[in-house]
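To start, the structure under review is shown below, and the notes come after it.
When a residue number appears, it is its place in the shown sequence, counting from 1.
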Amino acid sequence: MSVFAVLLGIGPVSCAAASELGDIVARIDYGFYTADPRMIQAARDDLTRSGAAGGAHAYYEAYAAYRLSRLDLTARPRERRALIRACLDAGRSSARTEAWTAEAWIVVAACSIQGIAQEPSRALGHASRLSEALAAARAIDADNPRLLLVESWYRHDDVPAEEAHERRRVLLERARAEFDARGYEDGPDWGRAELLASLGKVYLELGQRRDARDLIEEALIEAPDYYFALELRNALSL
């Protein structure tokens, strides 16, 4: 039985559905790393048409909406709000399935950060939801590398810039150590390429170009066409 079959809680007779989900997730990831929102939207549409249900399905509904909200900068404000709402609703639905609770809250937290950035008029509500989601995820798996990565993205306005920068570096280093220790587990495996590229950017800003280059190259091994890592590599050559 495939990994996705286990995650979906289905038997061997439904392995075709599990394989379909695996293909959809792969297209979501590839669409994000290559900055192709149309590919993510096509995968998202296929996910909706699959008619599957359960914690895994809801999780990847949230994940697809989240990835699209990060990438589709041409979307109108109403469309971006709809993506964030879809992510939050599906994420909270997935959190009701015990096996997916921690990962689902992490995606809800990530979407809440998007909400803070994209919906200033609703920033307080998103900030409250962010705090709730982070606390829920920490209570289950405080060292989850995706949780640490998402925490590193949140900017505290009341913290001096230098302190915020150091906090981000520490969180990213912890996330890197956790990714290395855990390897690839069943379930969601996104985040490592983003972590490496983000940490590379931190070291580039610190003037540590050799360390930055190594991290950026590692990110490109994880995701060879990752647009952000490619941009950073280009910046290194200037």
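Screening residues 195-208 for salt bridge (charged side-chain N to carboxylate O under 4.0 Å, His left out), with sequence neighbours left out, gives K201-E205. Counting only residues at least two apart or on different chains, no disulfide bond (SG atoms under 2.5 Å apart) pair has a member in residues 207-238. Screening residues 79-141 for disulfide bond (SG atoms under 2.5 Å apart) gives C87-C111 as the qualifying pairs, with residues at least two apart or on separate chains. The salt bridge (charged side-chain N to carboxylate O under 4.0 Å, His left out) analysis of residues 122-134, with sequence neighbours excluded, yields the pairs E119-R122. Sorted by first and then second residue, the salt bridge (charged side-chain N to carboxylate O under 4.0 Å, His left out) pairs involving residues 228-238 (not counting sequence neighbours) are E217-R233.
Through side-chain heavy atoms spaced under 4.5 Å, either directly or across other Ile, Leu, Val, Met, Phe, Trp or Tyr residues, L148 is tied to L171.
Rounded to the nearest 0.5 Å, atoms CD (Q114) and OH (Y66) are 6.0 Å apart. Interatomic distance, CG of L215 versus CG of L220, reported as 11.0 Å (0.5 Å rounding).
In this structure R174 satisfies the salt bridge (Lys or Arg N to Asp or Glu O under 4.0 Å) test together with D143, sequence neighbours excluded. Residues that satisfy the salt bridge (Lys or Arg N to Asp or Glu O under 4.0 Å) test with E178, not counting sequence neighbours, are R182. The side-chain hydrogen bond (donor to acceptor under 3.5 Å, both in side chains) search around E61 returns none, not counting sequence neighbours. By the salt bridge (Lys or Arg N to Asp or Glu O under 4.0 Å) test, D29 pairs with no residue at all, sequence neighbours left out. By the salt bridge (Lys or Arg N to Asp or Glu O under 4.0 Å) test, R38 pairs with D36, sequence neighbours left out. Listed by chain and number, the residues in a side-chain hydrogen bond (donor to acceptor under 3.5 Å, both in side chains) with R168 amount to none (sequence neighbours excluded).
In this structure, R78 places its CZ atom where only 12 or fewer heavy-atom neighbours from other residues, nucleotides or ligands lie under 6.0 Å away.
At least one cation-pi condition fails for R146 and W153: the charged atom is not both under 6.0 angstrom from the six-membered ring centre and inside a 45 degree cone around its axis.
By the 30° and 60° cut-offs, the orientation of the rings of Y60 relative to W100 is perpendicular.
Salt-bridge check for D214 with R210: failed, with every basic side-chain N at 4.0 Å or more from each acidic carboxylate O.
Looking only at side-chain heavy atoms (C-beta outward), Y227 and L71 come within less than 4.5 Å of each other.
Summarising the geometry of F32 relative to I40, their closest heavy-atom pair is N-CD1, 3.6 Å, with the distance given to 0.1 Å.
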